[in-house]
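Have a look at the structure below before the remarks.
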There are 2 protein chains.
Amino acid sequence: MGGKDINKSTEEKIKAAARTVLYKKGFAATRTRDIAEEAGMNLALINYYFRSKKKLFEIIMSETIAVFAGKLMQILNDQATSLEKKIELIAACYIDMFTEEPEMPTFIVSEIRNHPEAMLKRIPVKQAFSQSYFIKQFELAVAAGKVTEPNPFHFIMNLLGLIVFPFIGKPMLMASAGLNKTQFNQLMQERKKSIPIWIKAVIKAT
Amino acid sequence: MGGKDINKSTEEKIKAAARTVLYKKGFAATRTRDIAEEAGMNLALINYYFRSKKKLFEIIMSETIAVFAGKLMQILNDQATSLEKKIELIAACYIDMFTEEPEMPTFIVSEIRNHPEAMLKRIPVKQAFSQSYFIKQFELAVAAGKVTEPNPFHFIMNLLGLIVFPFIGKPMLMASAGLNKTQFNQLMQERKKSIPIWIKAVIKAT
DNA sequence: GTCTATAACGTGATAGAC
DNA sequence: GTCTATCACGTTATAGAC
């Protein structure tokens, strides 16, 4: 099983390298050679372990969406947390995730554009969202008059927009404000606290 | 000059086709053959008029950024409009722009990721923003105690996030809410009015 | 499992006729 | 200016030695 362990290890090395390169350059712009070089391995091993560039990409893509959407659904469906707490948890969770993997959001939106089937088939997004515990809580809050914007779709767009957009627009924003990486990350940390406050203002302002 | 007119026309046809295909697929994934087919013209004409795929791309990219950033700067620098009016104008302008060109925002963020030099060189974003009339107005509002979030950078991130993110996340959002194109556009139109209201709530909530 | 060498293919670009 | 035919190159993928 020493052999097995080494196999597993090289396979994981290739996947990790693929993730790094694909996140940064996207499917069409990355060459299998880039992945092999990043992994410090021979080009032929990629086809040996993953059959093709496309198969490897689909694995990375699937796992990425699973992490991204899974974490969101997990928080939205937690019956032990309030609506307010859910907002805080989502902001903190995604700001940490994207601070560690800054290329992930742009990778997701770019590749979903180029391969819409790849995600629509994989996850029953619609049911997962409309049947979530969050929706029940939100409707209750609307009925109780605590929320003046009654559309949960606007709510989730606004929340995700406030969280995700700075990471997607990072190059533009950093350039226009003259920020370095540390300053940018500092600002994102501040947003963990301010986004929940803003969202509460937003859902009462309509 | 009949000849000249025809030339101009084919050149413009190629540019229009290139814009369509590039917006949808990005630089790396589009083939010059795709552009030729979209334009209903011969492959060789692309090189005849634009020398190379890259040159053609750079023209499209430049014009796109010029339109996108130019419109924003124009509104931010207008000395005749109040801060509140500027928010309304920006929301209305970009929601209309992206409703007509839905692939534009994702094109911009994807290609800036892949060619960061291409934009950073082209426009002095930093000075344009920090020296804009908007910044003066914003600082005045802060000094007058009208705005409790004193960081204009957060302000612009939030505004752009609320406007742009729904268009970037469109495939995900449409799938998770089960919307068709008309319903989506309807929601975006609603946001022309609600975003300014939300932003006012946001800048007073911190 | 890992390497080298190479096949098979797609794509950007051009030469040259019209 | 526009077309057809083709070159030149880079890239994915595989065959076969080790």
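Under the 3.5 Å distance criterion, the side-chain polar atoms of B:Tyr94 are matched with a main-chain donor or acceptor of B:Leu72.
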Below 3.5 Å between N/O atoms, which protein atoms pair up with nucleotides 13-15 of chain C? Just atom names and distances, please.
residue	atom	partner	partner atom	Å
C:dA13	OP2	B:Lys53	N	2.7

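The CG atom of B:Leu45 sits 16 Å away from the P atom of C:dG12 (whole-angstrom rounding). Between A:Phe50 atom CZ and D:dT12 atom C1' the separation is 16 Å, expressed in whole Å. The distance from atom CD1 of A:Ile46 to atom P of D:dA13 is 10 Å, rounded to the nearest whole Å. The nearest whole Å value for the distance from the CD1 atom in B:Ile14 to the C1' atom in D:dC3 is 13 Å. Regarding A:Tyr49, its OH atom lies at a distance of 17 Å from the C1' atom of D:dA13, rounded to whole Å. Put simply, NZ on B:Lys13 is 9 Å from P on D:dT2, counting in whole angstrom units. In this structure, the CG atom of A:Asn42 is 11 Å from the C1' atom of C:dA5, given to the nearest Å.
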Donor-acceptor pairs are to be reported for all side-chain atoms of residues 162-177 of chain B against protein atoms at under 3.5 Å, with residues two or more places apart or in another chain.
residue	atom	partner	partner atom	Å
B:Ser176	OG	B:Met172	O	3.0
B:Ser176	OG	B:Leu173	O	3.2

Atom pairs and distances, donor-acceptor, side-chain atoms in residues 133-142 of chain A, under 3.5 Å, two or more places apart:
residue	atom	partner	partner atom	Å
A:Gln137	OE1	A:Lys86	NZ	2.7
A:Gln137	NE2	A:Thr81	O	2.8

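Within 6.0 Å of atom NZ in B:Lys126, 12 or fewer heavy atoms from other residues, nucleotides or ligands are found, so the atom counts as exposed in its surroundings.
Salt-bridge check for A:Glu63 with A:Arg19: passed, with a basic side-chain N closer than 4.0 Å to an acidic carboxylate O.
With sequence neighbours left out, A:Lys55 forms a salt bridge (charged side-chain N to carboxylate O under 4.0 Å, His left out) with no residue at all. Every residue meeting the side-chain hydrogen bond (donor to acceptor under 3.5 Å, both in side chains) condition with A:Asp96, not counting sequence neighbours, appears here in chain and number order: A:Lys192.
Annotation: proximity of residues 15-31 of chain B to DNA chain D (heavy atom, distance under 4.0 Å) is found for no residue.
Residues B:Gln189 and B:Thr99 have side chains in contact (heavy-atom distance under 4.5 Å, counting atoms from C-beta outward).
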